[in-house]
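Model, not experiment: these values are computed from the prediction.
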Amino acid sequence: MIKLYEFDELRPEQILNRDIRAEADVEAVVDGIIADVRAEGDKALYRYAEKFDHVVLDDLLVSEEEMAEGLAQVDPDFITTLEMAAANIRHFHEAQKHKNFVLNDQDGILLGQKYTPIQRAGVYVPGGTASYPSTVLMDVIPAKIAGVEQIVMTTPAGKDGKIAPAILAAAHVAGVTTIVKAGGAQAVAALAYGTETVPRVDKIVGPGNIFVATAKRKVYGQVDIDMIAGPSEILVLADGTCNPAWVAADLLSQAEHDKLASAVLVTDSRELALAVQAELEVQIPQLPRAEIARTSIDTNGKIIVTDDMHKAVAAANLIAPEHLEVCVDDPFSLLNEIRNAGSIFLGKNVPEALGDYFAGPNHTLPTSGTARFSSPLSVDDFVKKSSFLYYTREALGKVQARIADFAEREGLHGHARSVTIRYEDEQKGE
């Protein structure tokens, strides 16, 4: 059963267990996989597909024929749903695009900043016990909007050597043409270093298990990554007017993800807290993934009771959750108090699943408290910013002495001379 706590009784380190460091044996396995992929390329990918995914692959890439075959198996109504969701995601992310700017308000000086998309992005899509077409849409569409030239998607094949039709349908809707049948740390290594078949990319995005997360951390620097994602989290801020059945259902929407997932309710109503506690016991047995949800709720779930909703928001800021639901009649009255959250769901009619699948904002979010300093996946993740500057000879001459003095005070006389040498002839002629 989920435990109840008084907020004032909790120390910050007791609120959530969020140690996402891998065990030593995971580190060793990932190190070995990365080394094998670097040394053997495609051969290692075939071998690991047989070892971990229990499939002997004929080819690492999804062919046009396989794509067509997969699409034919998908309910046309679901393809319509994917297209509607994709349209919402595009609409939201189009608004994130930045414009280059130039400053030329000083004589002889031009300063500016330009945005350039990365050339290749790798998108990791989990497989295994469940397939996530939503991940395809959320991770591919911002890259397309940013202008990425090539997107390489990796996802493990099933035992039949095929990719789940729903994944192929989402890839088709999102516009992915290169799909690699590889999962786990080996897929991350292939994207980072390249193989005979898999092109080396500039950035890897997408969620995965502890082996995937560890591999992303280890290849960072060789490539960029979006984030090191921990288990899923939801925090529901709710007052006494909320329906406890709705709150319990929202908590379970994350608890069913993973035994390590965290579902937290923060409320100013002890009556609601007790009602939700009871309602969870009613709803958990009804879930197909009841065992996972039960472990998550019993191990990582919490109900925290505060004196008022402002203190509840303070608790949420301390926790910095991945998903934050604000289940009150006037959520906008609390919005400006919220500092730390990956995505904020405002009002009683905005369950977290709305954001996961359909509304438009990205569902690839910071976890493990990293919402204190990081942000959801966005178009910004797929562009680089370069500054540029131009000075005329006259404009540089006006400040050459100050630049040289600055450099010499830091002991960098070569820096100083690179400026003053341009004016030595003029000074000699004086």
Do the non-hydrogen side-chain atoms of [X] and [Y] ever get within less than 4.5 Å of each other?
{"X": "T241", "Y": "L272", "result": "no"}
{"X": "F211", "Y": "V29", "result": "yes"}
{"X": "F382", "Y": "V205", "result": "yes"}
{"X": "L61", "Y": "K181", "result": "no"}
{"X": "F388", "Y": "V102", "result": "yes"}
{"X": "I151", "Y": "T178", "result": "no"}
{"X": "M84", "Y": "F358", "result": "yes"}
{"X": "V123", "Y": "V136", "result": "no"}

Inset, instruction - If a pair satisfies side chain to side chain donor-acceptor pair (under 3.5 Å) and one of its residues is in residues 328-344, list it, with sequence neighbours excluded. - result: H310-E337, D329-K348

Inset, instruction - Scan for side chain to side chain donor-acceptor pair (under 3.5 Å) pairs involving residues 30-41, sequence neighbours excluded, and state none if there are none. - result: D31-K218, D36-R47, D36-Y48, E40-R47

Legend entry - Residue pair K311, D268: steps toward the side-chain contact (heavy atoms from CB on, under 4.5 Å) verdict: CA-CA 8 Å; K311 188 170 284 188; D268 62 350; over 6 Å; no

Are more than 12 heavy atoms from other residues, nucleotides or ligands located less than 6.0 Å from atom [atom1] of [X]?
{"X": "F332", "atom1": "CZ", "result": "no"}
{"X": "H98", "atom1": "NE2", "result": "yes"}
{"X": "D160", "atom1": "CG", "result": "yes"}

Inset, instruction - Take S387 and K385 through the test side-chain hydrogen bond (donor to acceptor under 3.5 Å, both in side chains) and record every step on the way to the result. - result: CA-CA 7 Å; S387 57; K385 298 186 285 286; over 6 Å; no

Inset, instruction - Would you sort out whether Q277 and E281 count as a side-chain hydrogen bond (donor to acceptor under 3.5 Å, both in side chains), showing the intermediate values? - result: CA-CA 7 Å; Q277 187 181 48; E281 297 306 305; over 6 Å; no

Salt bridge present between [X] and [Y] (N-O < 4.0 angstrom):
{"X": "D226", "Y": "K216", "value": "yes"}
{"X": "R294", "Y": "E256", "value": "no"}
{"X": "D381", "Y": "K203", "value": "yes"}
{"X": "K144", "Y": "E149", "value": "no"}

Identify all side-chain donor-acceptor contacts of residues 349-357 below 3.5 Å with residues at least two apart in sequence or on another chain.
{"residue": "E352", "atom": "OE1", "partner": "S253", "partner atom": "OG", "Å": "3.2"}
{"residue": "E352", "atom": "OE1", "partner": "Q254", "partner atom": "NE2", "Å": "2.5"}
{"residue": "E352", "atom": "OE2", "partner": "Q254", "partner atom": "NE2", "Å": "3.2"}
{"residue": "E352", "atom": "OE2", "partner": "H323", "partner atom": "NE2", "Å": "3.4"}

Legend entry - Test side-chain contact (heavy atoms from CB on, under 4.5 Å) applied to V247 and D250, step by step: CA-CA 5 Å; V247 174; D250 289 359; 5.7 Å; no

Inset, instruction - May I ask you to decide if A263's main-chain N or O and N300's side chain share a donor-acceptor pair within less than 3.5 Å? - result: no

Legend entry - Main-chain N/O of G369 paired with R372 side-chain donor or acceptor, under 3.5 Å: yes

Just list the side-chain donor-acceptor pairs under 3.5 Å for residues 74-82, sequence neighbours left out, or say none.
{"residue": "D75", "atom": "OD1", "partner": "D77", "partner atom": "N", "Å": "2.9"}
{"residue": "T80", "atom": "OG1", "partner": "P76", "partner atom": "O", "Å": "3.2"}
{"residue": "T81", "atom": "OG1", "partner": "D77", "partner atom": "O", "Å": "3.2"}

Inset, instruction - Test side-chain hydrogen bond (donor to acceptor under 3.5 Å, both in side chains) on T364 and D139 and set out the steps. - result: CA-CA 8 Å; T364 300; D139 289 3; 2.8 Å; yes

Inset, instruction - Go through the steps to decide whether V212 and Y124 satisfy the test side-chain contact (heavy atoms from CB on, under 4.5 Å), and finish with yes or no. - result: CA-CA 9 Å; V212 172; Y124 184 91; 3.5 Å; yes

Legend entry - Among V219, V37, D202, V198, side chain to side chain contact (heavy atoms under 4.5 Å, CB included) partner for L191: V198

May I have the list of side-chain donor-acceptor pairs in residues 162-173 shorter than 3.5 Å, sequence neighbours left out?
none

Legend entry - Residue pair K43, E196: steps toward the salt bridge (charged side-chain N to carboxylate O under 4.0 Å, His left out) verdict: CA-CA 9 Å; K43 181 180 177 181; E196 299 90 331; over 6 Å; no

Inset, instruction - Give a yes-or-no answer on whether the side chains of S386 and K384 include a donor-acceptor pair shorter than 3.5 Å. - result: no

Legend entry - side chain to side chain donor-acceptor pair (under 3.5 Å) involving T195 - partner list, sequence neighbours excluded: D42

